Every structure is written in C-alpha cells, then in structure tokens.
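Here's the structure, in structure tokens; my notes come after.
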Amino acid sequence: RVVPVRGGESRVITEHPGHYVEPRFSPDGARVVYRKFAGGFLLSPNFSHEPGIYVVSARGGESARVVEAGVGPSFSADGERILFSDTVEQTQLVLKSVDLEGRDERVHVKAKRATEFSVSPDGRWLGFVEDYNAYVAPFTLIGKTVEIGKDSKAVPVTQAARRSGETLHWSGASDALHWAHGATLYSRALNQAFAFLEGAPEELPEPVAEGLDLSFTATADRPAGTLALTGGRVVTMRGSDRFEEVIPEGTVVVEGNRIVAVGPGDEVEVPDGASVIDLGGKTVIPGLIDVHAHGSMASSEITPQQNWMQYSNLAFGVTTIHDPSNDTSEIFAHAELQRAGRVVGPRTYSTGTILYGALWPGFTAVIDSYDDALFHVRRLKEMGAISVKSYNQLRRDSRQQVIAAGAELGIMVVPEGGAKFQANLTHIVDGHTGVEHAVPLAHLYHDVLELWAATGVGYTPTFGVAYGGLAGENYWYEHTRVWENERLMRYSPKSIVYPRAIRSTRAPEHHYNHIEVARSAKKLRDRGVSVLIGAHGQREGLAAHWELWMMGQGGFSAWEALRGATIDGARYLGLDADIGSLEPGKLADLAVIDGNPLDDLRQSERVSLVMINGRLYDAATMNQIAPDERQREPFFFELEGGDAFPAAAQQARARKAAAYGWVH
C-alpha cells in the first residue's frame with residue numbers, strides 16, 4: 001500500500017496478497033521495489049509461489065520479479081538498477097545489482113563478516129553492519145568488486161556507532177546514516193565521520209553513543225474479576241523440596257492475574273461474586289516451565305496474530321518458556337505482545353541470538369577481552385534478554401569473560417553443552433548458570449557427581465535430543481502414535497507432524513541413550529543439582545511431557561519430575577517470586593489434568609484446562625472460558641487448502657532450524 005505522509009487513505013498497489021516486506025520507493029517516487037517470501041510453516045502457505053524481489057508501479061498494477069533471491073532491495077540513484085544483498089558460500093554477504101528487467105547482474109561489494117548493507121539515496125555512500133556495529137564508507141557503482149570490512153585499507157571506513165548498530169537507513173539528503181538498537185534511534189552526519197567533507201570539524205568526534213529514545217509504555221494484560229477453582233487435587237509445589245504438599249479437595253482463588261488463596265476447600269472462603277468451577281476428580285498443578293524451548297515467533301519480522309506453536313504449548317500446560325537461541329528482534333517483539341495480551345502464548349523469555357564462537361555472520365560474537373564480552377551481554381540485555389547463550393566459544397577465557405560480564409550485568413549465562421566432556425566440566429567449574437543439553441557420557445561417576453553438586457550449576461539435559469546414541473524424541477515416535485494425538489494435531493499442521501512421526505525409526509530399548517542420561521541426571525538430582533525440563537521445541541507442548549516421562553524412565557519419582565518442570569525451573573530462571581508454585585501472591589499460571597500424574601506420570605499430558613495470567617482456557621479448543629469468553633479464530637491450516645508445505649518454505653525452515661540449533 002501507498003499512503004500520503006500527511007495522512008489520508010492508503011492505496012493498494014499489488015494485485016494479489018502475499019508475504020511482502022522491505023518496500024522502497026524509486027528516487028522519483030514512480031516505482032516501488034519489495035521482497036516477497038514464502039509462508040508455509042508459521043504463516044499460511046497461500047500466495048507463496050515465486051518468491052523474490054519485485055518492482056511495481058507506485059500507482060499499482062502488475063508486479064514484475066527481477067531476481068529470485070536476495071534481501072534489502074533498493075533503487076540506484078538514477079532509478080535504473082535494483083541493489084540488493086545476497087549470501088554466497090553460505091556466510092559471505094555480497095551487494096549486487098541488476099537492471100529493472102533482472103538482467104546484467106553485477107557484484108559490487110563483498111564482505112566476510114558483514115550482515116547488512118545500505119546504500120545512500122545518492123549512491124555515494126555505503127553503510128554496513130559488522131560484528132553488531134554500524135560503519136560507513138564511500139561507495140561507487142563500478143565494474144570491479146570491492147571487498148570491505150571495518151579494517152579495510154582500500155577505502156576509508158568510519159565506525160558510526162559506539163556500540164550496537166543495526167537496521168541501517170539514510171536521510172533523504174544522503175548526508176546522515178541512521179541506525180537503531182532496541183528502542184533507540186541513532187544518527188551520524190557524514191561530515192562528523194570524514195575529515196575531507198565540507199563542514200567537518202578539525203577533530204572528528206567519537207562514534208555516536210547517544211540517540212533518540214523512542215520507547216513507550218504499554219499496559220500489561222490483567223483480567224478483571226475473581227475465579228475460584230474448587231474440589232480438585234491441588235499440587236502446590238510450595239515449600240522445600242521434601243515438602244510434598246498435596247491438598248486432596250482444594251480450592252484455588254484467583255483475583256485478576258494473581259492467586260489470592262490456596263488451601264483445603266473447607267478452609268478457603270470463596271469470595272462473593274466469584275465465578276466457581278468445580279474440578280472434582282482432577283489435579284491442579286503449577287503451569288509447566290520449559291527452560292530450553294526453541295520455536296519460531298515470526299517470519300521476516302512478520303509476527304502472526306495466532307502462533308499455532310504457542311497455542312499448542314499452552315494446550316499442553318506449558319505456561320512459561322525460555323528460548324536459549326532465537327532471533328533477537330522477533331522473539332522479544334512476541335514476548336512484549338504476549339505480555340500485553342495481544343497474542344496468546346506462554347510467558348516468553350530468551351537469550352536472543354546466540355554468542356557464537358565460530359564464523360557465521362549474524363551469529364558470531366568475537367570475544368577477545370572482557371570489554372568484548374561486556375559489549376555483547378549488554379546489547380542483548382538492552383534488547384530484552386534475561387540470559388545469554390555462550391555457544392561454542394572455543395577459548396575458555398572467552399567463556400569466563402562472558403560469565404563475568406553476566407555477573408556484572410545481572411544476567412544468566414548458559415553454554416551449549418553436549419560437545420566434549422572435558423569442555424562440559426569447564427562449563428560447570430567456571431560457574432555457568434546451567435548446562436544445556438546432556439553431558440555426552442552415558443554414566444557419570446562419583447567424582448563428577450560430587451564436583452557438580454558443589455557448584456550450584458543447574459542441568460537441562462534435553463532428553464529429547466540426548467547425545468551419545470538415539471535421542472529420546474525418536475523413542476516416542478516409535479512407542480506412541482504421535483500423529484493421532486488429538487490435542488497435538490488440533491494445533492499443529494499435519495504437514496509438519498506427519499513426515500516426522502508416521503515413519504519412525506525402530507531400535508532396541510537399550511539403544512536409546514536418553515534413559516542412561518536420565519539415570520545420571522537422577523544421581524545429580526539426589527545430590528541437590530536442579531534438573532529441569534527442556535523440550536527443545538521438538539514437538540510443541542507434547543515434548544514437555546516426554547521430558548517428564550523420560551525423567552521417570554531414569555528413576556525420578558513423579559513428584560521429582562513435576563518439580564523439575566515447575567518450581568525448580570522457576571528458580572533456575574530467577575522467576576520463582578512470581579511463578580512455579582500455587583500460593584498466594586504468585587501469578588495465576590496453572591494446568592488442570594484429568595487424572596492424577598503423581599500416581600501415573602503418563603497422565604500428565606491429559607490437560608483439560610490451562611490458565612495463563614488469570615485467563616482460563618479450554619485445552620480442547622483453546623477458547624477462553626473465564627473470566628470472560630473469547631473464541632479462538634481458525635488457524636490457516638484449518639481452512640480449506642491451508643495445510644500445504646511449499647518447497648521454498650521447507651527450505652527456509654531447514655535453514656532457520658540449523659541456524660538456531662533446533663535440529664541436531
């Protein structure tokens with residue numbers, strides 16, 4: 001659409017709907033270039049054919065595709081070429097251009113570590129992002145390819161941002177580069193960056209550190225009214241680890257989004273005017289907390305109004321997730337929308353993008369000093385992270401510097417475990433918050449058990465992807481008919497579940513490594529180590545219960561397993577003042593189970609009702625039933641023709657999965 005900047009009605013300029021992003025006007029305002037991408041995983045697959053970069057008249061009409069792949073398109077200064085970025089050799093970013101018919105492709109710039117290019121409207125300047133910082137250099141459309149980086153000698157390069165600059169864009173007069181970090185907008189005039197420009201001071205100022213704060217406040221969601229859940233078996237999880245409080249016929253009173261009373265039915269007074277729901281024969285537990293939960297929150301920054309993955313998580317009683325590897329801007333945008341009640345899903349916390357030790361632009365975090373570590377930890381915290389993921393930083397001193405920066409800034413630091421046993425020991429000894437993924441040895445002996453227990457470091461084995469043998473996820477595909485699970489299939493597209501579930505692998509039980517991993521985890525738990533559930537995003541919501549059941553296979557009691565999925569997870573994330581147990585003052589997050597999982601842990605998945613932030617949902621439909629009624633809209637795959645899976649979307653899903661570590 002095109003809309004006047006002074007306001008007024010917009011005008012549709014594309015003939016068909018689609019997944020459209022990154023629109024830019026031509027210099028004369030007569031044309032618009034934009035990128036089209038394919039849906040099919042998180043978004044509807046409809047209108048996904050022929051993705052690429054397109055040009056259309058600003059007055060509307062037929063769009064013409066100029067290239068099949070590329071991002072960030074813009075027009076050249078004369079309006080006769082389309083500039084765009086592309087990736088070659090998997091990691092190298094290049095700046096290309098083609099004419100308006102998509103011919104005469106040229107490669108103008110290549111960079112080993114850059115993640116973003118932006119050419120000024122007059123075509124004379126190039127902004128680029130390298131190692132999460134903004135730089136600017138002169139630029140000319142010539143026939144030769146120029147290699148550029150922050151340390152380039154062939155052309156003058158100036159650092160624009162003192163720290164953390166992305167999302168580059170230019171002033172209309174091409175005399176200033178703008179960028180953003182979180183809610184702050186920064187600008188640097190070119191004559192403050194290059195001494196040879198008119199108006200430059202005798203001594204150039206330092207890179208820009210101050211910007212324009214564009215943040216705003218929004219009201220967090222808080223429903224009105226009082227609700228009493230009566231007659232159910234209440235498993236509170238409050239108190240010490242040895243205090244197994246189970247109230248046979250309990251009452252839980254919720255006012256707004258907080259619990260105000262918990263206790264035996266004959267001792268808790270139900271307030272006048274409260275809505276009452278009888279839970280006789282059912283079990284009430286705190287909402288499950290998945291501390292290692294990957295999952296897509298958006299596609300190319302398009303956040304769906306209904307994320308089927310998060311509905312599925314909630315329907316299985318998962319009310320809080322912590323994602324230790326996701327796209328920074330996408331997951332924190334979703335988290336804020338969830339908190340404001342604009343989207344339905346579990347409470348969402350994350351590391352944002354990983355601090356990767358190998359070369360993969362967009363993920364790599366170079367850490368050669370404590371200042372480097374502080375830079376990376378601070379920028380992620382400023383974006384909304386409660387933790388950072390130290391992902392295969394190859395040097396131990398680098399990992400230690402990240403831990404120290406996390407301690408200074410009050411933020412968790414978790415490593416990528418499961419590599420070398422010796423590296424895992426340094427993860428533990430050096431004081432990470434916890435170890436993510438299973439230690440890659442089947443049996444842990446007394447020396448390691450005692451060492452680990454003395455550190456206070458937690459353990460999230462992610463049994464579903466346990467290393468050293470067949471992973472736990474495969475076990476449940478072999479032993480259960482996952483594709484017939486009514487709740488899972490109500491919220492997950494067949495095109496996602498069927499290919500993974502129907503044709504399962506088969507193996508003797510002793511080949512499944514997760515059982516031995518769980519036995520070692522049980523030994524650690526007996527010595528005081530917190531063992532948490534981490535479903536890894538393998539099967540939305542259902543896999544959280546697989547984690548519980550695999551704990552049971554390793555010798556955990558049902559109580560111990562459920563505690564690892566509730567209050568222990570809350571303490572691990574530093575959120576136990578608000579979630580993790582059912583007691584007055586805490587947020588009203590809970591799950592109602594048909595049956596008693598303390599007697600039979602496999603009953604844990606029989607969630608009939610789930611409450612998040614005081615709102616109660618029917619797990620069978622995910623319609624809200626209290627304090628008021630709200631009906632869920634159909635998902636795209638519930639509509640006719642909505643459960644296709646185009647090849648382009650499948651490839652995009654595979655790339656994103658590999659990048660975020662969803663698949664091992």
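The figures that follow rest on heavy atoms only: side chains count, while hydrogens, waters and symmetry mates do not. Since this is a predicted model, take the numbers as computed values, not measurements.
Between the Asp589 side chain and the Asn613 main chain, a donor and an acceptor come within less than 3.5 Å of each other. In this structure a side-chain-to-backbone donor-acceptor pair under 3.5 Å is missing from Thr433 to Val414. A donor-acceptor pair under 3.5 Å is absent between the side-chain atoms of Glu605 and the main chain of Leu542, judged by distance alone. Between the side chain of Glu560 and the main chain of Ser557, a donor-acceptor pair closer than 3.5 Å is present. A donor-acceptor pair is defined here as one N or O able to donate and one able to accept, closer than 3.5 Å; such a pair exists between the side chain of Glu547 and the backbone of Gly464. Side-chain atoms of Ser350 come within 3.5 Å of backbone atoms of Asp323 as a donor-acceptor pair (strictly under, hydrogens ignored). Gln624 places a side-chain N or O within 3.5 Å of a backbone atom of Asp628 that can act as its donor or acceptor partner. Remark: the backbone N or O of Leu488 is not paired with any side-chain donor or acceptor of Arg539 at under 3.5 angstrom. Looking only at distances, a side-chain donor or acceptor of Ser520 sits under 3.5 Å from a matching main-chain atom of Leu444.
Donor-acceptor pairing under 3.5 Å is recorded for the side chains of Asn474 and Arg500. One side chain, Gln553 or Tyr475, offers a donor N or O that lies under 3.5 Å from an acceptor on the other. Looking only at atom types and distance, the side chain of Thr348 has no donor-acceptor partner in the side chain of Gln338 under 3.5 Å away. Arg233 and Thr283 share a side-chain donor-acceptor pair at under 3.5 Å.
Nearest heavy-atom pair across Asn313 and Glu540 is OD1-C, 3.8 Å. When all heavy atoms of Ala438 and Val517 are compared, the pair lying nearest together is CB-CG1, 3.6 Å.
Counting heavy atoms of neighbouring residues, nucleotides and ligands inside a 6.0 Å radius, atom CD of Glu269 does not exceed 12 of them. Counting heavy atoms of neighbouring residues, nucleotides and ligands inside a 6.0 Å radius, atom CZ of Arg527 exceeds 12 of them. Within a 6.0 Å radius of CD in Gln631, no more than 12 heavy atoms belonging to other residues, nucleotides or ligands are found. By the neighbour-count criterion of 12 heavy atoms within 6.0 Å, atom CD of Glu486 is sparsely surrounded, having that number or fewer from other residues, nucleotides or ligands.
Note that CD of Glu509 and CG of Leu470 are 11.5 Å apart. Values are rounded to the nearest 0.5 Å. Thr455 contributes atom OG1, which lies 11.5 Å from atom NE2 of His432 (distance to the nearest 0.5 angstrom). Distance check, rounded to the nearest 0.5 Å: OG1 of Thr353 to OH of Tyr391 gives 13.0 Å. Note that CZ of Arg481 and CD1 of Ile502 are 9.0 Å apart. Values are rounded to the nearest 0.5 Å. Atom OG1 of Thr480 is separated from atom CG of Asn485 by 8.0 Å, given to the nearest 0.5 angstrom. In this structure, OG on Ser300 lies 11.0 Å from CG on Leu42, to the nearest 0.5 angstrom.
When side chains are defined from C-beta on, Leu562 counts as touching Leu601, because their heavy atoms get closer than 4.5 Å. Using a 4.5 Å heavy-atom threshold, the side chains of Arg490 and Met622 count as separate. Counting heavy atoms from C-beta on, the side chains of Gln310 and Pro346 come closer than 4.5 Å. Considering only heavy atoms from C-beta on, Asn46 stays 4.5 Å or farther from Phe636 through its side chain. A 4.5 Å side-chain heavy-atom check between Val284 and Val235 finds every atom pair outside the cut-off. Counting heavy atoms from C-beta outward, Val439 and Tyr459 have side chains that approach closer than 4.5 Å. Taking 4.5 Å as the limit, some side-chain heavy atom of Val253 sits within range of a side-chain heavy atom of Val268. Side-chain contact between Asp568 and Arg525 is present, with at least one heavy-atom pair separated by less than 4.5 Å.
Aromatic ring orientation, Trp308 versus Phe41: perpendicular (interplanar angle above 60°, classes split at 30° and 60°). Relative orientation of the Trp549 and His545 rings is tilted, given thresholds of 30° and 60° on the angle between their planes.
When each of His514, His322, His294 is paired with His536, the ring-ring contact (aromatic ring centres under 6.0 Å, His included) condition holds for His294 and for no other. Here the options are Lys282, Gln603, Arg606, the test is side-chain hydrogen bond (donor to acceptor under 3.5 Å, both in side chains), and the partner is Asp594; only Lys282 passes. With Leu380 as reference, Leu355 is the one residue of Thr351, Leu355, Ile386, Ile411 to meet the side-chain contact (heavy atoms from CB on, under 4.5 Å) rule. The side-chain contact (heavy atoms from CB on, under 4.5 Å) test with Val234 is passed by exactly one of Leu590, Leu582, Leu279: Leu582. Partner of Tyr477 under the ring-ring contact (aromatic ring centres under 6.0 Å, His included) criterion, out of Tyr498, Trp546, Trp483: Trp546 alone. Of the options Leu227, Thr251, Leu229, Thr230, a side-chain contact (heavy atoms from CB on, under 4.5 Å) to Val276 is made by Thr230 and by none of the others.
Ion pairing between a basic and an acidic side chain is recognised when a charged N comes within 4.0 Å of a carboxylate O; Arg632 and Asp618 show no such pairing. By the 4.0 Å N-to-carboxylate-O rule, Arg519 lies close enough to Glu516 to be salt-bridged with it.
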Next item on the list: Determine, stepwise, if the pair Glu301 / Asp327 fulfils side-chain contact (heavy atoms from CB on, under 4.5 Å).
Entry: CA-CA 9 Å; Glu301 307 295 335; Asp327 180 272; 3.8 Å; yes
Checklist line | CA sep, side-chain torsions, deciding dist, call: Leu609, Ile625, side-chain contact (heavy atoms from CB on, under 4.5 Å) | finding: CA-CA 9 Å; Leu609 300 171; Ile625 58 177; 3.7 Å; yes
Margin query: Set out, in order, the CA-CA distance, both residues' side-chain angles and the distance that settles side-chain contact (heavy atoms from CB on, under 4.5 Å) for Ile285 and Met237, then state yes or no.
Written below: CA-CA 8 Å; Ile285 65 170; Met237 291 297 169; over 6 Å; no
Next item on the list: List the steps and the verdict of side-chain contact (heavy atoms from CB on, under 4.5 Å) for Tyr311 and Gln306.
Entry: CA-CA 8 Å; Tyr311 269 85; Gln306 287 193 160; 3.5 Å; yes
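Under the salt bridge (Lys or Arg N to Asp or Glu O under 4.0 Å) criterion, Asp278 pairs with no residue at all, not counting sequence neighbours. Partners of Asp290 under the salt bridge (Lys or Arg N to Asp or Glu O under 4.0 Å) rule, at least two apart in sequence or in another chain, do not exist in this structure.
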Enumerate, atom names and distances included, each donor-acceptor pair closer than 3.5 Å involving a side-chain atom of residues 571-579, sequence neighbours excluded.
unit_1, atom_1, unit_2, atom_2, d
Tyr572, OH, Glu436, OE2, 2.8
Asp578, OD1, Arg258, NH1, 2.7
Asp578, OD1, Arg258, NH2, 3.3

